[in-house]
Amino acid sequence: MKILSWKLFIFLSFFITFTYGYGNTLIGGSCNNPADCVGDPGVTSECREGRCICRPGYFASIGKDDCLLLATGLGESCKEAPQCQKGTPGELSDCIDNICSCINGTSVPNENQETCLEVINEVLGKECEVTLQCTAGLPGAFSECVEELSEPPSGKKKCNCIADAVHSENKCYLKAVAVGGECEIDVQCTEGLGSLSKCEGKENKFCVCPVATSVPSGKNDSCLAITNKIGDSCSENIQCTTGKPRNLSECSSEGVCSCTIDSVNGVNLHVCHKKAQFVGDSCKIPRQCSVSLGERSKCNGKGECSCKPGNVASSDNKRCVVNGIHIGQPCENTAKCVGEPGTSECASKSCECVPGYIPSVGLDDCLKKVNETGGECWETKQCQQGDLGEFSNCFPKSIGVSVCNCTENAITEPDQKQVCRKKAVHVGDPCEFESQCYSSLGNSQCLGDKCVCLDTSTPSTNNTACLLKSSLNKACEDNNQCNWNQESPNSASCQLKNASDTSVGRVCLCRKNEFIESIDHPGNCLKILNETRLSCEEKVQCSAGLGNSSDCVDNFCMCNQNHVYFDGACYYPVVLEGICNSREECIVGVNNYTFCDTGRRCRCLPGASRYEDKCFVPKYVGDACGSNKECTFSISGPVYCQPSTGRCTCQMGFSGAFENTMCSGAIRRVASPTGLLALIFIAWLMSKPT
């Protein structure tokens, strides 16, 4: 019984020790040794000066019945909040779902994910460490933590709005970038689109341009003020056309609203009116008529352009002219003749234009000759009969306004507007001034009364331009740019540098498969040589044509030693069963009835037979051949390869027999069927193997 009690005592001692720890004295309680204290004595707790305490790095749990490890960073496991708050995560952390975390809406992790930092919920400009402090707080998603600008630099960071945002009441809002973009407050629109824009709407708000005062710009990135009259400042046409000037107005290059070239402004500058094009066109103000039809026109009470008293419409109905005797008609005095005073006279009893003036096409007016480009005109003859000459014309500039200018194929010398001279079409065309050449041909000059290319340029292939000289591997657009300095004519050409990529452009290259660039003299093209014993300058000419097994020896292309020329290239002869790289090596080493198999060995072609280290196929009398052996291999009797015909031929006195498989002379002397049968029998005996 005593033994059983002793065993029971030992069991209960171990059970209590392993179940309840090393001690049961709470942290802060009295103790005699470490084993008396809760926790893991010596590791998490200890007895010091008669009191149970937690060791460094640990702290007492809320019930003081354990020593818990202090957290060293966010994301670590925990049991109670103080593990996080008294550890590295700090006071702004909490134990959430047994993990040390920052408190949502109150704190955020620092850059190293160790400590919780305060969320900024106050004014912009408060100090911060990471951007998340700003974006998670009042400043919002469009804020950031940036170093403040100061002299000297302070190194401090503060919450501020990002570059594309604007602040209002300590919150950052994204600036609007387009009319119609979503917004919350006006400042988003005014800062992004200009002061004329507004944020409007009920449930959903958008940036708009107030209809009465502004319009969206062409790019829709700002609101522009609507103009009210001609002369108001503008930056785009829509400001003028939306305002009072309306559709006949535009924003000029000077930045003011103006009437278009085919319209005139009214007296109050608020409206633009279209110019009259013909006598009889509708009008509202006199200037619609006078600006385009001339001062002798008016806007009558019917709202139509008509000619003033004493004047009539011209023959083309485009102006009003004096109602008088036409040019060339009989007259008694000058006053009766057509034309403005001083432009016509009655001479030799007929109306004529005075010097400096010419009759209009309808002979109903005298028009002034125009002697320089840009002068106003009514008819082309005013230009051509003036100093400008035959290569000029009267070009419309706007309704009622035309000016003299050179035709498309002519030009005036700079600073000399008096004569239009024909542009050169080809290099070598006659010229008087430089402009006749370079305006159409490019890099050219007038030398010796002819257009010639400058020293730095060369005529194009069709002789219609002077193009800058180029060289091999340099940009070009015409073959002649590449050949000007080549020793061999037309040896280079302008080609795509990369045939599969047309965007790379064209460059000068030696003509493909015909010429190759010199090694000794880069930039020069040498002819590629495809046969031996042709004259050469460099090895590259031979190797490009005959292959790498060739060389330029004593200025002649030759195959390398132990190599043979065949079909435009040099090859090393390979015998039957020898190792080969191409069929040609087998042909020059054996004959035409060979090939290089997949195992890189020379073999006889299918159907051909090996004989004396050669390959042969059965031949018949009359078949093509290259040697006697080709014929004797399969044809019986006296046969050879006739050199002049290249055919298997029987010797003189013999001819093909038995479907040309043999040459026989006895057949000609056979006189009877019996004799023929005897001859056949003899031939059969001879053909039997011995």
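- Here the side chains of C128 and C159 are in contact, with some heavy-atom distance below 4.5 Å.
- Scored by the side chain to side chain contact (heavy atoms under 4.5 Å, CB included) test, E577 finds R603, R610 as partners (sequence neighbours excluded).
- A donor-acceptor pair under 3.5 Å links the side-chain atoms of N483 to the main chain of N479, judged by distance alone.
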*Dump the intermediate steps for side-chain contact (heavy atoms from CB on, under 4.5 Å) on C641 and C631, then the final yes or no.*
CA-CA 6 Å; C641 185; C631 303; 4.0 Å; yes
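- Of the possible polar contacts, one joining the S634 side chain to the K619 backbone as a donor-acceptor pair under 3.5 Å is found.
- Identified under the ring pair (Phe, Tyr, Trp, His ring centres under 6.0 Å) test for residues 419-446, with sequence neighbours left out: none.
- With sequence neighbours excluded, no residue forms a salt bridge (charged side-chain N to carboxylate O under 4.0 Å, His left out) with D164.
- Nearest approach of S435 to T412, heavy atoms of both residues: OG-O, 3.7 Å.
- Applying side-chain contact (heavy atoms from CB on, under 4.5 Å) to L509 and the options I516, L496, N473 leaves one that passes, N473.
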Item to complete: Mind running disulfide (SG to SG under 2.5 Å) on C420 and C406 for me, showing each step along the way?
Response: CA-CA 6 Å; C420 290; C406 298; 2.1 Å; yes
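- Checked by atom type and distance alone, the side chain of Q418 never pairs as donor or acceptor with a backbone atom of N371 at under 3.5 Å.
- Inter-residue side-chain proximity for Y593 and E630 is flagged as met; some heavy-atom pair is nearer than 4.5 Å.
- Atom CD1 of I579 has 12 or fewer neighbouring heavy atoms from other residues, nucleotides or ligands inside a 6.0 Å radius.
- In this model, no donor atom of one side chain and acceptor atom of the other lie less than 3.5 Å apart for T661 and E659.
- Within the structure, side-chain hydrogen bond (donor to acceptor under 3.5 Å, both in side chains) contacts touching residues 519-538 (residues at least two apart or in different chains) are S518-E538.
- When atom types are taken as modelled, the side chain of N220 and the backbone of V179 share a donor-acceptor pair closer than 3.5 angstrom.
- For the pair S549/N560, a side-chain contact is recorded, criterion being any heavy-atom separation below 4.5 Å from C-beta on.
- In terms of modelled atom types and a separation under 3.5 Å, the side chain of S493 and the main chain of R511 share no donor-acceptor contact.
- In summary, the side chains of D221 and S217 do present a donor paired with an acceptor at a separation below 3.5 Å, with no hydrogens or angles considered.
- In this structure, the side chains of C557 and S550 stay at 4.5 Å or more apart for every pair of heavy atoms.
- The salt bridge (charged side-chain N to carboxylate O under 4.0 Å, His left out) check on K219 picks up nothing, with sequence neighbours excluded.
- Remark: K614 NZ to N592 CG distance equals 11.0 Å, nearest 0.5 Å.
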- Message: Apply disulfide (SG to SG under 2.5 Å) to residues C451 and C431 and explain how you reach the verdict.
- Response: CA-CA 6 Å; C451 287; C431 59; 4.0 Å; no
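- Using a 4.5 Å heavy-atom cutoff, the side chains of P522 and L472 are not in contact.
- Residues E148 and K158 are paired through a salt bridge, judged by an N-O separation under 4.0 Å between the basic side chain and the carboxylate.
- S609 places a side-chain heavy atom less than 4.5 Å from the side chain of F633.
- With contacts defined as side-chain heavy-atom distances shorter than 4.5 Å, the pair Y571/N581 does not qualify.
- Taking the side chain as every heavy atom from C-beta outward, C663 and P638 approach each other to under 4.5 Å.
- Side-chain atoms of E585 never come within 3.5 Å of backbone atoms of P573 as a donor-acceptor pair (strictly under, hydrogens ignored).
- Judged purely by distance below 3.5 Å, without hydrogens or angles, the side chains of T131 and E144 never pair a donor atom with an acceptor atom.
- Listed by first and then second residue, the side-chain hydrogen bond (donor to acceptor under 3.5 Å, both in side chains) pairs that reach into residues 442-461 are S460-N462, T461-D478, sequence neighbours excluded.
- In this structure, Q481 contributes its side chain and E477 its backbone to a donor-acceptor pair below 3.5 Å.
- Using modelled atom types, no side-chain atom of R506 and backbone atom of Q495 make a donor-acceptor pair closer than 3.5 Å.
- Proximity of a side-chain donor or acceptor of T407 to a complementary backbone N or O of F391 within less than 3.5 Å is detected.
- Checking Q486 against S488 by side-chain atom types alone, no donor-acceptor pair falls below 3.5 Å.
- Smallest separation of non-hydrogen atoms from Y640 and C650: CE2-O, 4.0 Å.
- The heavy-atom pair separating V574 from V590 by the smallest distance is O-CG2, 3.5 Å.
- Under a 3.5 Å cut-off, the side chain of Q384 and the backbone N or O of S392 do form a donor-acceptor pair.
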